[in-house]
Amino acid sequence: MSIKAGLLVEFMQDNVPTLGYVLDEQGGKIRLLLANRREINLTQARLLPWLGPHINAAAKDEMISALNSHKEARQKIKEQVDIAELWELSQGEVTEEKADFFAGLMENEINPDIVAGYAHALLECKSHFKFQNPCFEVYNQETVEAKLLAEKQLKEKTALIAGGAEWFKLLWDLYCKHQYISEKDSALEPKEPVSGALKNLLFKRMAEAESHEENILWKQVTKQIPDETYLAYYLAVTWKLVPEHYNFWLTQIDYDQTEDFAKPFSDEIEQIQALSSEIAAQKESTACSLPAQQKQYKNALHCALSDKKELCSIFADTVSKEFISIDSASTKDIDDAFSFCEKEDGTKELIISLACPAFFWQFGSDFDKIIAKRCTSIYLPEQNLHMLPEALSTNSFSLVEQQIRPSMLIKAVYDNENNLIDSEIIFAKITVRDNLHYAACEKVLDEIDSPAEAEDYPKQTYYPANSEKYAPDEQALAKAQKYKTTLAHAYAFANAHLQKRIENGAVIIERDEYDICLEGEGKNTLVRIDAMPQSPKAQCIVSEIMVIANAIVADYAVKNTIPLLFRTQNVGIPKEMAGIWKKPEEVAKVARLLSPAIAEIEAKPHTGLGLKAYSPITSPLRRYGDLLNQAQIMHFIFFQTPLFSKEEMETILIHYNMYNGQAGQVQRNRPRYWRFVFMQQEAKRQGENCSFHGIISDENDMYVTVSLTREQVLVRAKRQLFGDKAQLGQEVLLRLGKINPLHFEVSIMKVQEL
């Protein structure tokens, strides 16, 4: 059809077909009159392929009337088109056709308005048809389903952005007013599925686990809100999705706070428990050879849990020594104990007993993968989180008194000058006579010491320890009293061993202990920090025995080329830095010189401990690295080869460092958070009368750093606030303000010298 005056034509304007009346055409350029009385010029190439009808109109009003009449007719036809049926009729029959073809499929007679009405319907249905001038492409079934899904997702996303932005803005406004959502506010909460999607987005944001698309979505729904680091946490608390003080650090590392992580492995755990009980019940075991071939999973003895005969035969021997353990009163996962005796010739025999989960461990199993990811136990003010299920960590494996347990035994013999003259690693059953507590052992040791010796351990002064609260009970004291002589000899030996390490360059940092106590829940949580009585002698016994065990294992591994996870700190420091440092200014000076210890596969010196090699193995219930090291040593003793090669251990180390680093961050951040909450609560409670005791630990021309005594937090301010007399070791009282527990931020408002 030729383009001439009077013809009705359509063209796309703002992505919508627009009807126009041709006033004239010259050389491919057309002048049109539109229904809004505007006249426009455009090229013939812009016209849509459905033309007509031709209208004979003399006056402009007649032209406008014709345009409106045909526009209305086409709209009605478009609304009546059954687009789904039209697609069903054409799909599979044709791949593309013009608009008049589709109109002819459904109508007996067609005219320009009918064709245009169908064309409009086809243009709108982008999920089924695609306009490729002059034809419409017909999508196949698979493409239609994909486009319908995309349309649905886009619609949901649009609703999510609109509803989410408004709802999050409301939550933010409430948070700024220190309020939570009320019943009135809840009525404005978006309906499902938008509400569920927003909740999921908040949890993923807190866990730092959102995808790239979710990150873009987050930016869209929070456009009206300041970009705060912990915004997701603030909104979730205000929405009451999580309680105040929610531990999102655990969420970030996907560390289950409950025992639910162990439920999928209940059968395996029950099998381990049954085997452990059977080993304990076997009074006599017949020795038999271990299988030489590896089972489905890597394990230290090439035995599956069902190989009861082989596993039980390993524990044919029972070591009948007087084993005791020393731990905190709250400790349930007891993974070490010891036996100590001095002989008439002055030699000393130390046998260290370690819980031995490696006997039962199936490396590479799904259960192992979960434990490897947990990597370590985490001890927090609000709860203790065990790496292993409690059924194993505090029951089957724990060295509970009067219970027979399979054990890894490290025997060390020292001469009368406390030089190591012999060592041995064996595996056998043992029974711990008593589980002792630090406080009770310390009291027994204090009764032995002379006043002069007691002066070596000055008591806390500014914040006196609550001796009554932390005093050992009569039963704990009675137990410790039975081992008075053993404890005295063990302490003398441990202290001598410590001094020898210091002679070898060991750098020991000691700090007073403070207990973070929580009362109440959520926003009503009250934080207290109590000074605890110190147990330096009892802790010296345990810490030195652990150092001895880990050093002997490290030396054994080096001599036999066994790849372990060694703890190294290969740095050079001045000889005068060796010693025990307690004062904050001394600790700060030492900390600047000592870089953090790291895990490596090859043995290197550990400067801080004064050792040539050190490999942790004494906490196999609490640290995955210790469990792994134990399996390496065990496999070597029985098969003369390590369980994992150096290359395999290097691969394991990559994941171990990642998981251990994540857990370590929680272990540091969470207690620190509660210390800042304590400072915040105290500042609010006491107002301007609130002061915090501290000691200047570092200073320079610009800043002065103060170590808060009770809170064990470093705070810093410009030097002019302290005056000209600020010097290292000086005691001060500080008034603090602008305390932000999540950001670990605080400002020193006022300084008072003591």
Side-chain angles (χ1 to χ4, degrees), residues 175-180 230 233-234 237-238 243-247 380-382 459-470 511-534 583-585 668-699 703-723 725-727 729-754:
Y175 169 78
C176 292
K177 298 174 185 176
H178 306 287
Q179 298 175 358
Y180 301 91
Y230 299 107
Y233 167 76
Y234 299 145
V237 168
T238 307
E244 191 90 34
H245 308 300
Y246 174 71
N247 192 347
L380 305 176
E382 57 266 50
K459 295 182 179 180
Q460 294 152 323
T461 53
Y462 198 85
Y463 297 109
N466 189 339
S467 299
E468 184 176 343
K469 175 182 176 181
Y470 296 100
R511 294 184 176 92
D512 290 338
E513 290 188 56
Y514 289 84
D515 189 17
I516 301 175
C517 305
L518 308 179
E519 297 177 1
E521 295 181 352
K523 67 176 181 179
N524 297 319
T525 302
L526 178 66
V527 187
R528 288 198 338 269
I529 299 182
D530 295 335
M532 300 172 63
Q534 307 303 290
K583 297 178 180 180
E585 64 273 23
R668 291 187 299 273
N669 285 347
R670 189 60 174 175
R672 194 174 185 216
Y673 167 80
W674 286 120
R675 293 187 184 103
F676 274 79
V677 172
F678 169 77
M679 292 189 287
Q680 188 181 60
Q681 290 180 349
E682 286 294 290
K684 287 180 180 179
R685 184 173 66 86
Q686 299 184 41
E688 293 188 359
N689 296 321
C690 182
S691 60
F692 298 87
H693 179 266
I695 296 174
I696 295 177
S697 59
D698 197 8
E699 54 90 25
Y703 293 98
V704 172
T705 301
V706 177
S707 175
L708 298 182
T709 307
R710 174 179 51 183
E711 296 73 24
Q712 296 182 326
V713 168
L714 296 177
V715 293
R716 189 176 75 158
K718 289 187 176 180
R719 188 176 184 87
Q720 54 260 40
L721 189 63
F722 290 80
K725 298 181 180 180
Q727 56 185 348
Q730 182 179 346
E731 293 186 73
V732 292
L733 290 178
L734 306 180
R735 183 157 66 84
L736 305 176
K738 299 180 181 178
I739 303 169
N740 188 321
L742 283 175
H743 290 273
F744 305 135
E745 292 176 352
V746 62
S747 295
I748 300 175
M749 312 302 290
K750 185 178 179 181
V751 180
Q752 178 185 340
E753 296 180 13
L754 285 180

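In this chain, residues are counted from 1 in sequence order.
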Exercise. Report yes or no: does Glu244 contribute a side-chain atom to a donor-acceptor pair with the main-chain N or O of Val237 at less than 3.5 Å?
Key: no
Exercise. Report yes or no: does Gln681 contribute a side-chain atom to a donor-acceptor pair with the main-chain N or O of Val527 at less than 3.5 Å?
Key: yes
Quiz item: Do you know the tightest heavy-atom contact between Gly522 and His245?
Solution: O-CD2, 3.0 Å
Quiz prompt | Tyr234 and Leu742, any side-chain heavy atoms less than 4.5 Å apart | solution = yes
Exercise. Specify the closest pair of heavy atoms between Ile529 and Phe678, including all atoms of both residues, with the distance to one decimal.
Key: CD1-CD2, 3.6 Å
Quiz prompt | Minimum-distance pair of heavy atoms, taken over all atoms of Ile516 and Pro671 | solution = CD1-O, 3.7 Å
Quiz item: Under 3.5 Å, is there a donor-acceptor pair between the side chain of Gln680 and the main chain of Ile739?
Solution: yes
Self-check item: Ionic contact status for Glu745 with Lys738, cut-off 4.0 Å
Solution: no
Quiz item: Would the number of heavy atoms belonging to other residues, nucleotides or ligands and lying under 6.0 Å from CD of Glu521 be above 12?
Solution: no
Quiz item: Using the ring of each side chain (for Trp, its six-membered ring), is Tyr175 parallel, tilted or perpendicular to His178, with breaks at 30° and 60°?
Solution: tilted
Self-check item: Candidate list Arg716, Glu585, Arg719, test side chain to side chain contact (heavy atoms under 4.5 Å, CB included), partner Glu699, passing option
Solution: Arg719
Quiz prompt | Residue pair Phe722 / Gln730, side-chain heavy-atom distance below 4.5 Å | solution = no
Quiz prompt | Any side-chain donor near an acceptor of the partner, Tyr463 and Asp512, under 3.5 Å | solution = no
Self-check item: Glu688 and Arg735, any side-chain heavy atoms less than 4.5 Å apart
Solution: yes
Quiz prompt | salt_bridge(Arg670, Glu382) N-O dist < 4.0 Å | solution = yes
Exercise. Find out whether Val715 and Phe692 are in side-chain contact, i.e. whether some heavy atom of one side chain is under 4.5 Å from a heavy atom of the other.
Key: no
Quiz prompt | For the student: nearest non-hydrogen atoms of Ala531 and Tyr470, plus distance | solution = O-CE1, 3.9 Å
Quiz item: For Asp698 and Leu714, what are the C-alpha separation, side-chain angles and deciding distance, and is it a side chain to side chain contact (heavy atoms under 4.5 Å, CB included)?
Solution: CA-CA 10 Å; Asp698 197 8; Leu714 296 177; over 6 Å; no
Quiz item: Can you tell if the side chain of Leu380 reaches within under 4.5 Å of the side chain of Tyr673, non-hydrogen atoms only?
Solution: no
Quiz item: Between Gln534 and Glu513, is a side chain to side chain contact (heavy atoms under 4.5 Å, CB included) present by the stated rule, with each step listed?
Solution: CA-CA 7 Å; Gln534 307 303 290; Glu513 290 188 56; 3.8 Å; yes
Practice problem: State, yes or no, whether a side-chain contact exists between Tyr514 and Thr709 at a heavy-atom distance under 4.5 Å. | Solution: yes
Quiz item: Is there side-chain contact between Ser707 and Arg511, with heavy atoms separated by less than 4.5 Å?
Solution: no
Quiz prompt | Within the 6.0 Å centroid threshold, strictly below: His743 and Phe676 | solution = no
Quiz prompt | Heavy-atom closest pair, residues Glu682 and Arg685 | solution = OE1-NH2, 2.9 Å
Quiz item: If you count the non-hydrogen atoms of other residues, nucleotides and ligands that lie under 6.0 Å from NZ in Lys583, is the total more than 12?
Solution: no
Quiz prompt | From Val732, Leu736, Ile695, Val746, residue fulfilling side chain to side chain contact (heavy atoms under 4.5 Å, CB included) relative to Leu708 | solution = Leu736
Quiz item: Taking the side chain as C-beta and beyond, is there a heavy-atom pair between Thr525 and Trp674 under 4.5 Å?
Solution: yes
Quiz prompt | Arg675 side chain to Glu711 backbone, donor-acceptor under 3.5 Å | solution = yes
Quiz item: Could you go step by step and tell me if Phe744 and Val713 meet the side chain to side chain contact (heavy atoms under 4.5 Å, CB included) rule?
Solution: CA-CA 9 Å; Phe744 305 135; Val713 168; over 6 Å; no
